[in-house]
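These notes are about the structure you will find just below.
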There are 2 protein chains.
Amino acid sequence: MTNAAQTYHHGDLRTALLEAATKRVAEFGIDSLSLRKLAEDAGVSRTAPYHHFKDKSALLSAIAAKGFSQWHTNAKRIFDQHDVAPQSRFRQFIHEYIGYAADNPQMYELMFGRTIWHDNAATQGLKEVAYPCFQFQVEMTKYWQQTGLLPAGQDALRMAQVTWGTLHGIARLLIDGIYADRSHIDEMCDCAADLFMQIALPPKSN
Amino acid sequence: MTNAAQTYHHGDLRTALLEAATKRVAEFGIDSLSLRKLAEDAGVSRTAPYHHFKDKSALLSAIAAKGFSQWHTNAKRIFDQHDVAPQSRFRQFIHEYIGYAADNPQMYELMFGRTIWHDNAATQGLKEVAYPCFQFQVEMTKYWQQTGLLPAGQDALRMAQVTWGTLHGIARLLIDGIYADRSHIDEMCDCAADLFMQIALPPKSN
DNA sequence: GTTTTATCTTGACACTGTCAATATTGCATT
DNA sequence: AATGCAATATTGACAGTGTCAAGATAAAAC
């Protein structure tokens, strides 16, 4: 017990655990998270966390939920800059998406990885935050189709899956250190943006 | 020297372990693989596997290596159908890539997931099989650019990263059960193909 | 036949998540 | 203020895990 407060009840253990766990995951990765060690660092016993999170998966879900709501507001901020031209906004969104993943690789891995999504392991609370985030991707896609940035002939949902899939894939390749190299992030983003906006682009002179 | 498997009179524990592990991973996933249980099933002691694989990660790398060489030959087979029009081949490649991922989700997860790639955990032997596989993606991209299927203005490597990223992303979204639904695989593939080949498509106006 | 080498075994260590039973406290109601 | 209940925290225990060290055994090399 390194903490001076030796009270039997911690007071706000849930918040303390969540914050410590978030920090630990961000720094050392999902696999490094141990409930026991976490409890010890918080100055409580090994099983104390179980009164605030059903199991380890629930804790991870809670961490991811924070990440989702954070990213969701960020995405809205970018998208809602109505004074910026759609093309620039679209490009900026791509850069910021990949940038977020590159800057918070462990959090991204947690949010969009199999750890919390396989076998329907995701908490109800997580789904309630994540699904609107997914839905937002469709709304944006619809808008970009309407403004002629993306081909309008395709179904918006399908289109959203593909465009998001691209961003997701690039992010994963970067994070997992496969094939793609961090030093060319911007070029890759621009390449993706150009590919998407083939039709929308005015014919280049040079 | 490095060919530890080539023995005349020895038992074939290495092969037995590799096969059993591959089967287990394919069926129940990476996390379900336990070296101890694997050894027990093979009728040897818990630490016997360590004489054939440095650690668990090395075993996983070996499994993934098999998957890579398998996929690599498959990709070449599709690409080398010179009697099929490039457009059809390109489309077929996309469908088969996603199809492979959808049919072998656990293997795909292992091959292209962080488990073996993060922290440079990949074995040298794995890299020797995987890197040519990545490189092939660039060669195909170059070809598609030359045939006018993909925009030729972009750097081939960058282009390959984006196109592969798209396939990878769609595959991951499918496998992890995020957002994308298995029942629309074909539509998603076609949507991606159409998006990539905007330029190759017959011009609608202008 | 003897030595070297590859392979396998037992024992042990330090972890992990999680359940069960128990103890302590804070808060609401009387 | 006293009491009862629900929330919270604790110790003990169980069944796992990967992996190292040291010793045993069989096969191969000499």
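Protein chains get the first letters and strands the later ones, always in sequence-line order, with residue 1 at the start of each.
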Show every donor-acceptor pair shorter than 3.5 Å between a side-chain atom in residues 122-144 of chain B and any protein atom, with sequence neighbours excluded, or say none if there are none.
residue, atom, partner, partner atom, Å
B/Thr123, OG1, B/Ser61, OG, 3.2
B/Thr141, OG1, B/Gln137, O, 2.7
B/Tyr143, OH, B/Arg89, NH2, 3.1

Exercise. Per the atom types in the model, does the base of D/dT8 pair as donor or acceptor with the side chain of A/Arg14 at under 3.5 Å?
Worked result: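 Side chain to base: no pair present.
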
Exercise. Going by modelled atom types, is there a donor-acceptor pair between the base of D/dG16 and the side chain of B/Arg36 at under 3.5 Å?
Worked result: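 Donor-acceptor pair under 3.5 Å: no.
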
Exercise. Do the side chain of B/Asp119 and the main chain of B/Ala121 share a donor and acceptor less than 3.5 angstrom apart?
Worked result: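 Looks like no, no N/O pair under 3.5 Å.
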
Problem set entry | N/O donor-acceptor pair under 3.5 Å between B/Gln106 side chain and B/Arg24 backbone |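 Such a contact is absent between B/Gln106 side chain and B/Arg24 backbone.
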
For residues 158-178 of chain A, dump all side-chain donor-acceptor pairs below 3.5 Å to protein atoms at least two apart in sequence or in another chain.
residue, atom, partner, partner atom, Å
A/Arg158, NE, B/Glu187, OE1, 3.1
A/Arg158, NH1, A/Gln161, OE1, 3.3
A/Arg158, NH2, B/Glu187, OE1, 3.1
A/Thr163, OG1, A/Met159, O, 3.0
A/Thr163, OG1, A/Ala160, O, 3.1
A/Trp164, NE1, A/Tyr97, OH, 2.6
A/Thr166, OG1, A/Val162, O, 2.9
A/Thr166, OG1, B/Thr166, OG1, 2.8
A/His168, ND1, A/Tyr108, OH, 2.7
A/Arg172, NH1, A/Phe112, O, 3.4
A/Arg172, NH2, A/Glu109, OE1, 2.9

For this session: Give a yes/no answer on whether the side chain of A/His51 brings an N or O atom under 4.0 Å of OP1 or OP2 in D/dT10.
Result: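 The answer is no; no side-chain N or O of A/His51 sits under 4.0 Å from OP1 or OP2.
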
Exercise. If only side-chain N and O atoms of B/His52 are considered, is one of them under 4.0 Å from the OP1 or OP2 phosphate oxygen of C/dA6?
Worked result: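 Result: no.
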
In whole angstrom, what separates [X]'s [atom1] from [N]'s [atom2]?
X       : N      : atom1 : atom2 : value
B/Leu38 : D/dG18 : CG    : C1'   : 13 Å
A/Glu40 : D/dT11 : CD    : C1'   : 15 Å
A/Leu13 : D/dT10 : CG    : C1'   : 13 Å
A/Lys56 : C/dT18 : NZ    : P     : 8 Å
B/Leu35 : D/dC20 : CG    : P     : 11 Å
B/Leu60 : D/dT19 : CG    : P     : 10 Å
B/Lys54 : D/dT19 : NZ    : C1'   : 11 Å
B/Arg46 : D/dA15 : CZ    : P     : 16 Å

For this session: Please identify each residue that fulfils side chain to side chain donor-acceptor pair (under 3.5 Å) with B/Asp155, with sequence neighbours left out.
Result: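 So B/Asp155 forms no side chain to side chain donor-acceptor pair (under 3.5 Å) with any residue.
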
Exercise. Given C/dG17, C/dC19, C/dG11, which nucleotide is nearest the side-chain atoms of A/Tyr50?
Worked result: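 For the A/Tyr50 side chain, the nearest candidate turns out to be C/dG17.
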
Problem set entry | Contact residues, residues 16-34 of chain A to DNA chain C [heavy atom, < 4.0 Å] |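 Under 4.0 Å from DNA chain C: A/Leu33, A/Ser34.
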
For this session: Check each residue of residues 110-123 of chain B for a non-hydrogen atom within less than 4.0 Å of any atom in DNA chain C, then write out the ones that pass by number, or none.
Result: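 Residues of residues 110-123 of chain B that come under 4.0 Å of DNA chain C do not exist, since none gets that close.
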
Exercise. Can you find a side-chain donor-acceptor pair between A/Asp55 and A/Ser57 that sits under 3.5 Å?
Worked result: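 A/Ser57 and A/Asp55 do not have a side-chain donor-acceptor pair below 3.5 Å.
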
Please output the side-chain donor-acceptor pairs of residues 33-47 of chain B that fall under 3.5 Å, not counting sequence neighbours, one pair per line with the distance.
residue, atom, partner, partner atom, Å
B/Ser34, OG, B/Arg36, N, 3.3
B/Ser34, OG, B/Lys37, N, 3.1

For this session: Begin with the C-alpha distance, continue with both residues' side-chain angles, and end with the deciding distance and a verdict on side-chain hydrogen bond (donor to acceptor under 3.5 Å, both in side chains) for B/His118 and A/Asp31.
Result: CA-CA 11 Å; B/His118 73 158; A/Asp31 293 334; 5.1 Å; no

Exercise. For atom CG of B/Asn120, is the number of surrounding heavy atoms from other residues, nucleotides or ligands below 6.0 Å larger than 12?
Worked result: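 At most 12 heavy atoms, drawn from other residues, nucleotides or ligands, come within 6.0 Å of this atom.
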
